[in-house]
**Student:** 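For reference, the structure I am asking about is given below.
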Amino acid sequence: MYNVMSSKAEEFISDEEIRDSLIYAEENKNNRDVIEQILKKASEMKGISHKEAIVLLDCEIEDLNERIYELAKNIKQEFYGNRIVMFAPLYLSNYCINGCKYCPYHLKNKHIARKKLTQDEIIKEVMALQDMGHKRLALEAGEDPINNPIEYILESIQTIYSIKHKNGAIRRVNVNIAATTVENYRKLKEAGIGTYILFQETYHKKSYEELHPSGPKSDYAYHTEAMDRANKAGIDDLGIGVLFGLNNYRYDFTGIIMHAEHMEAYGGVGPHTISVPRVRKADDIDPDVFDNGISDETFAKIVACLRIAVPYTGMIVSTRESQASRERVLKLGISQISGGSRTSVGGYAKQETPEDNSAQFDISDNRSLDEVVHWLMELGYVPSFCTACYREGRTGDRFMTLLKSKQIINCCHPNALMTLKEYLEDYASEDTKKIGEKLIKEELKKIPNKTVQNKAKEYIENIHSGKRDFRF
Ligand code: SF4
Ligand code: SF4
C-alpha cells in the first residue's frame, strides 16, 4: 500500500503506485488538456507530483515539449540564476565487499588495483585539489568494515579540513559512503560533513536485488531507508540519485520523485541535491550488458522534468557526461558540476599507469578545472566555489527557506562572485582571468540590494589585495 509517510521502503516507494503512474502517463502522453493543466500547476514553481511529472516526461506533443523545456529553464533561472557550483570527487579507498554488477570495485573483480589512501596520501591529494582551486569535495569510498571503517572516514574528514596550503582550503566535505546506522550518521554529522550522498541506483526492488547479489548493499530496504536514518541523526543536507541505464528510466524517474516527496513529508526536508549519473564503461563492466541505456535526448528531458518536479533541489552532473551533454543540461536545470575530476584512488597527486588503474569509471569530460571554468564563463555562467550556507549553519530547512524565498540573488550571487574572484586571483590562467574579471564587473550590477552590492564590491577589492574568505 502506498504511503508517503511510511517508514518502510516498500510503502513510500510503492511498486504498485509507480506502475499505476506509468500507466496513467502512457494513457495521457498525447492528452493536451491533462498536460496543459500540469504545466499550469508547474508554472507556479512549487513542484508537481511524481504522477504529474511522469506525464510530462512521456509527453509526445511537440509544442508542449518545447514549453516543458522553456519552463525548466525559467525555474532554473528563478532559483539558481546563472551560477554553477563547482566540486570534485575524492576517492579514499576502492576496497569493497559488495557485489554491485555495474561497478568495477565489486569484490570479485580481482584485476583492478586496490588502494586505500593513508592520511599522508590524503594530504597530498587535497593539496593537489587545492592547487587546482577546489573548495568543495565529495568523498567516495567503497564499503568495507575492515579496510574502510567509519573511524577511517572520520579521521580522513578531519585531515581534509585541517589542511591549509597557500590560500587553499577545503570548506565543505560532502560524503558518499554506504548506507549505515543512525549512530554512524551521528558521527559523520559531528565531523562536520556537508551533504550526505547516497545513490539508490534503482528503485525497482527486483532489479536492485539482481544488481546487488551479495554484500550488505543487497538489502533493498536498509539501503532505501538510509536517508531517513541519516535525517534522524541530524544530517539535513541529503543527496539522492539513480544510475540511469540500470533499469527502466521511467520507473526510476518516478521512484526518485517519490523519494523526494517522502523525504519532505516524513523528514521535513526534501533532497538537497539530486544526481543524474548514467552508466559508463569501466574495468570489468560493459555498459552494453545493461540494455536500459538512455539517449542524450531522453537524458535532457529527464533533467528538465526533474527540475520542474523538484524546483528547489540542487542538481548534479559529473564528468561521466561529455562536454556537449553537460552544456545541454546546464540550461535545463543542472546547478552543480565537477571539474578536473579523477575517479581513481590517489589520481590527483599522481598520474596512474594502465597497470595501476584504480578508476571507478571512464571520464567523458577530461578538461582541467581551469578549462571548465573558462568554458562556463564563455557560456555566460558564473562558476561558484561558494560554501557559505554550510558554514553559516544554513542547512536543511533553513537552507530551503532561503532558497524558496527567492532572496538567493542577494546572497548566492555575491558569494559566487567573491569565490570566483578568489579563484581568479589564486589559480586561473591569464585567459580565464581576463574573461572572469569582466564577468564579475557585469554580474555585480545584477545584485538588486544596493547595500549588498556595495559590500560585495568592497569585499572583491579586499580579495584583490590578498584577503580571503568573505561571505554573506
Ligand atoms: Fe562498492 Fe559502491 Fe562500487 Fe557497489 S557501487 S561495488 S558499494 S564501491
Ligand atoms: Fe549555495 Fe548557500 Fe552559497 Fe548560495 S549561499 S551558493 S545556496 S552555499
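Both ligands and their constituent atoms are indexed starting at 1 by order of listing. Computed from heavy atoms alone, side chains included, the values below leave out hydrogens, waters and symmetry copies. Just so it is clear, the structure is predicted and the values come from calculations on it, not from any experiment.
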**Student:** Nearest protein heavy atom to atom 7 (S) of ligand 1, by residue and atom, and its distance?
**Tutor:**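 Checking every protein heavy atom, the shortest distance to atom 7 (S) of ligand 1 gives Asn98 ND2, 3.4 Å.
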**Student:** Among all protein heavy atoms, pick the one closest to atom 2 (Fe) of ligand 2 and tell me residue, atom and distance.
**Tutor:**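 I find the closest protein heavy atom is Cys389 SG, 2.2 Å.
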**Student:** Side chain or backbone of Lys217 under 4.0 Å from ligand 1, or both, or neither, by non-hydrogen atoms?
**Tutor:**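 Side chain only.
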**Student:** Regarding Arg171 and the six-membered ring of Tyr390, is the cationic atom NZ or CZ under 6.0 Å from the ring centre and inside 45° of its axis?
**Tutor:**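 No, cation not above the ring by the 6.0 Å, 45° rule.
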**Student:** Any idea which protein heavy atom is nearest atom 4 (Fe) of ligand 1, and the distance to it?
**Tutor:**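 Its nearest protein heavy-atom neighbour is Cys100 SG, 2.2 Å.
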**Student:** Looking at Lys217 and Asp219, does any basic side-chain N land under 4.0 Å from a carboxylate oxygen?
**Tutor:**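 Judged by the 4.0 Å cut-off on N to carboxylate O distance, Lys217 and Asp219 do not form a salt bridge.
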**Student:** Identify, by atom number and element, the atoms of ligand 1 in contact range of His106, meaning under 4.0 Å from any of its heavy atoms.
**Tutor:**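 Every atom of ligand 1 under 4.0 Å from some heavy atom of His106: 6 (S).
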**Student:** Taking the six-membered ring for Trp, is the centroid-to-centroid distance between Phe244 and Tyr249 below 6.0 Å?
**Tutor:**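 Ring centroids of Phe244 and Tyr249 are no less than 6.0 Å from each other.
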**Student:** Between Phe361 and Arg320, is there a cation-pi geometry (under 6.0 Å to ring centre, at most 45° from the normal)?
**Tutor:**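 Yes, Arg320 sits over the ring of Phe361.
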**Student:** Look at atom 5 (S) of ligand 2 and say which protein heavy atom is nearest, naming residue and atom and giving the distance to 0.1 Å.
**Tutor:**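 Answer, as residue, atom name and distance: Asn415 ND2, 3.4 Å.
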**Student:** In the protein, what heavy atom is nearest to atom 3 (Fe) of ligand 1, and what distance, to one decimal place, separates them?
**Tutor:**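 It is Cys103 SG, 2.3 Å.
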**Student:** Are any of the heavy atoms in Ala388 under 4.0 Å away from ligand 2?
**Tutor:**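 Under 4.0 Å: yes for Ala388.
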**Student:** Which of the numbered atoms in ligand 1 are below 4.0 angstrom from a heavy atom of Tyr105?
**Tutor:**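 So the atoms of ligand 1 that pass are 3 (Fe), 6 (S), 8 (S).
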**Student:** Would Lys116 count as a cation-pi partner of Tyr152, with NZ or CZ less than 6.0 Å from the six-membered ring centre and within 45° of the ring normal?
**Tutor:**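 Cation-pi check for Lys116 and Tyr152: passes.
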**Student:** Please report the interatomic distance CG(Leu369) to CZ(Phe385), rounded to the nearest 0.5 Å.
**Tutor:**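 If I round to the nearest 0.5 Å, the distance is 4.5 Å.
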**Student:** Tell me whether Lys457 is salt-bridged to Glu461, with the criterion being a basic N under 4.0 Å from an acidic carboxylate O.
**Tutor:**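 No, Lys457 and Glu461 are not salt-bridged.
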**Student:** Which bit of Arg394 gets closer than 4.0 Å to ligand 2, counting heavy atoms only: side chain, backbone, both or neither?
**Tutor:**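 The side chain, only.
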**Student:** Which atoms of ligand 2 sit under 4.0 Å from any heavy atom of Cys386?
**Tutor:**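 Within the 4.0 Å cut-off of Cys386, ligand 2 contributes 3 (Fe), 5 (S), 6 (S), 8 (S).
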**Student:** Does the side chain of Leu402 come within less than 4.5 Å of Cys389's, by heavy atoms?
**Tutor:**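 A side-chain contact exists here, since the closest heavy-atom pair is under 4.5 Å.
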**Student:** Tell me: protein heavy atom nearest atom 1 (Fe) of ligand 1, and distance?
**Tutor:**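 Checking every protein heavy atom, the shortest distance to atom 1 (Fe) of ligand 1 gives Cys96 SG, 2.2 Å.
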**Student:** Taking only Lys NZ, Arg NE, NH1 and NH2, and the carboxylate oxygens of Asp or Glu, determine whether Glu190 and Lys187 approach each other closer than 4.0 Å.
**Tutor:**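 No.
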**Student:** Counting only heavy atoms, which portion of Phe399 has something under 4.0 Å from ligand 2: side chain, backbone, both, or neither?
**Tutor:**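 Just the side chain.
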